[in-house]
Amino acid sequence: MIYKSKPNFQNHPFHLVSPSPWPLYASVSLFILTTSAVLFFHGFQLFQYLLVLSVVNVAYTMGLWFRDIISEGTYLGNHTSAVQRGLNIGVGLFIVSEAFFFLAIFWAFFHSSISPSVELGAQWPPMGIQGVNPFELPLLNTIILLSSGVTVTYAHHSLIQGNRKGALYGSLVTILLAGIFTFFQGVEYTVSSFTISDGVYGSCFYFGTGFHGIHVIIGTAFLSVGLWRLLAYHFTDHHHVGLESGILYWHFVDVVWLFLYISVYYWGY
């Protein structure tokens, strides 16, 4: 008896994801990362090696997972317009969750700065701490980051209009500006007169700017993958969810930095 396989037709535009090991593997990797980080922060010996290993493991897992997603969207044609719309909504909700994360940081900052306690010398910055001058390196970094927002927007509109060269140059310049911003942020940390252990001011300053710096690094990686996919002809003028998501994330990074500069650097100086 000969069995004939039935054609795989579906009467809806959505993508039913095939079984994948990466969600479970990523969850286990993140659990090991969190556990090793907590133990390392509490002074347990040798856990710094497990921490580094788990970071590499998470990055490796994400790379394999995203490789499958790229294959589904670029080569298999599973990302229909309905799927793209769902992915855009998902990225938007993720950015909203990140916005609330930064809202908690700003809440902690203003809670201490608007009404500084006696332990802080009843002043802000607290007695004995000299804040970073907002018109020096922070202002330069603000100009650099806002300029990167302009170049990434130029890259986006160039891609929509079919201008491949403009999209490539815009993305490349954006990534270079992001690298310069990260470098100057590191320089600022090395020359600052206070550390993260200098009370609530140091904690709020480094927690806010440091997590923003991590987001800049993640956004740079996001856009770098987008640039590589541009070079590989993965995107068209109407099918570029990966790059569009990175651009939306980058604009979020720009907006958060504006709030950080105005409140933490300028107002809190």
Side chain to side chain donor-acceptor pair (under 3.5 Å) partners of [range], not counting sequence neighbours, each pair once:
{"range": "residues 119-130", "answer": "Ser117-Glu119, Gln130-Tyr269"}
{"range": "residues 61-71", "answer": "Trp22-Asp68"}
{"range": "residues 247-257", "answer": "Thr142-Trp257, Ser148-Trp250, Thr153-His251"}

Give, for atom [atom1] of [X] and atom [atom2] of [Y], the distance between the pair rounded to the nearest 0.5 Å.
{"X": "Cys204", "Y": "Trp107", "atom1": "SG", "atom2": "CH2", "answer": "14.0 Å"}
{"X": "Leu50", "Y": "Leu33", "atom1": "CG", "atom2": "CG", "answer": "9.0 Å"}
{"X": "His156", "Y": "Glu244", "atom1": "NE2", "atom2": "CD", "answer": "4.0 Å"}
{"X": "Thr209", "Y": "Asn141", "atom1": "OG1", "atom2": "CG", "answer": "10.5 Å"}
{"X": "Leu227", "Y": "Phe235", "atom1": "CG", "atom2": "CZ", "answer": "9.5 Å"}
{"X": "Phe109", "Y": "Leu260", "atom1": "CZ", "atom2": "CG", "answer": "9.5 Å"}

Heavy-atom closest contact ([X] atom, [Y] atom, distance):
{"X": "Ser112", "Y": "Leu120", "result": "O-CD1, 4.1 Å"}
{"X": "Ser54", "Y": "Ser36", "result": "OG-OG, 3.5 Å"}
{"X": "Asp198", "Y": "Ile129", "result": "O-CD1, 3.6 Å"}
{"X": "Thr190", "Y": "Val187", "result": "OG1-O, 2.6 Å"}

> Under the side chain to side chain contact (heavy atoms under 4.5 Å, CB included) criterion, do Leu258 and Leu146 qualify, and how do the steps go?
Replying inline: CA-CA 9 Å; Leu258 279 178; Leu146 293 181; 4.1 Å; yes
Using modelled atom types and a 3.5 Å cut-off, is there a donor and acceptor pairing between side-chain atoms of [X] and backbone atoms of [Y]?
{"X": "Gln48", "Y": "Leu46", "value": "yes"}
{"X": "Asn88", "Y": "Gln84", "value": "yes"}
{"X": "Tyr189", "Y": "Gly210", "value": "yes"}

If hydrophobic clusters are built from ILVMFWY residues whose side chains come within less than 4.5 Å, do [X] and [Y] share one?
{"X": "Ile70", "Y": "Tyr25", "result": "no"}
{"X": "Val264", "Y": "Leu137", "result": "yes"}
{"X": "Val216", "Y": "Val55", "result": "no"}
{"X": "Phe211", "Y": "Phe94", "result": "yes"}
{"X": "Phe41", "Y": "Phe47", "result": "yes"}

Table please: side-chain donor-acceptor pairs of residues 164-181 below 3.5 Å, with sequence neighbours left out.
{"unit_1": "Arg164", "atom_1": "NE", "unit_2": "Tyr233", "atom_2": "OH", "d": "3.4"}
{"unit_1": "Arg164", "atom_1": "NH1", "unit_2": "Leu230", "atom_2": "O", "d": "2.6"}
{"unit_1": "Ser171", "atom_1": "OG", "unit_2": "Ala167", "atom_2": "O", "d": "2.9"}
{"unit_1": "Thr174", "atom_1": "OG1", "unit_2": "Thr151", "atom_2": "OG1", "d": "2.7"}
{"unit_1": "Thr174", "atom_1": "OG1", "unit_2": "Val152", "atom_2": "N", "d": "3.1"}
{"unit_1": "Thr174", "atom_1": "OG1", "unit_2": "Gly170", "atom_2": "O", "d": "2.7"}

>> Taking ring-ring contact (aromatic ring centres under 6.0 Å, His included) as the criterion, tell me which of Tyr261, Phe106, Phe259, Phe110 meets it with Trp267.
In response: Phe110
> Taking atom CZ of Phe101 as the centre, does the number of heavy atoms from other residues, nucleotides or ligands within less than 6.0 Å exceed 12?
Replying inline: yes
> Any chance NE2 of His12 has more than 12 other-residue heavy atoms, nucleotides or ligands included, within less than 6.0 Å?
Replying inline: yes
In the structure I gave you, are the side-chain heavy atoms of [X] and [Y] within less than 4.5 Å of one another anywhere?
{"X": "Ile247", "Y": "His240", "value": "no"}
{"X": "Phe194", "Y": "Val132", "value": "yes"}
{"X": "Tyr266", "Y": "Phe135", "value": "yes"}
{"X": "His212", "Y": "Ile105", "value": "no"}
{"X": "Val83", "Y": "Asn78", "value": "no"}
{"X": "Ile144", "Y": "Ser147", "value": "no"}
{"X": "Tyr206", "Y": "Ser192", "value": "yes"}
{"X": "His79", "Y": "Ile69", "value": "yes"}

>> Which residues pass the side-chain hydrogen bond (donor to acceptor under 3.5 Å, both in side chains) test with Glu98, not counting sequence neighbours?
In response: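 Residues passing side-chain hydrogen bond (donor to acceptor under 3.5 Å, both in side chains) with Glu98: His215.
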> Which residues satisfy the side-chain hydrogen bond (donor to acceptor under 3.5 Å, both in side chains) test with Asn163, sequence neighbours excluded?
Replying inline: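 For Asn163 there are no side-chain hydrogen bond (donor to acceptor under 3.5 Å, both in side chains) partners, ignoring immediate neighbours.
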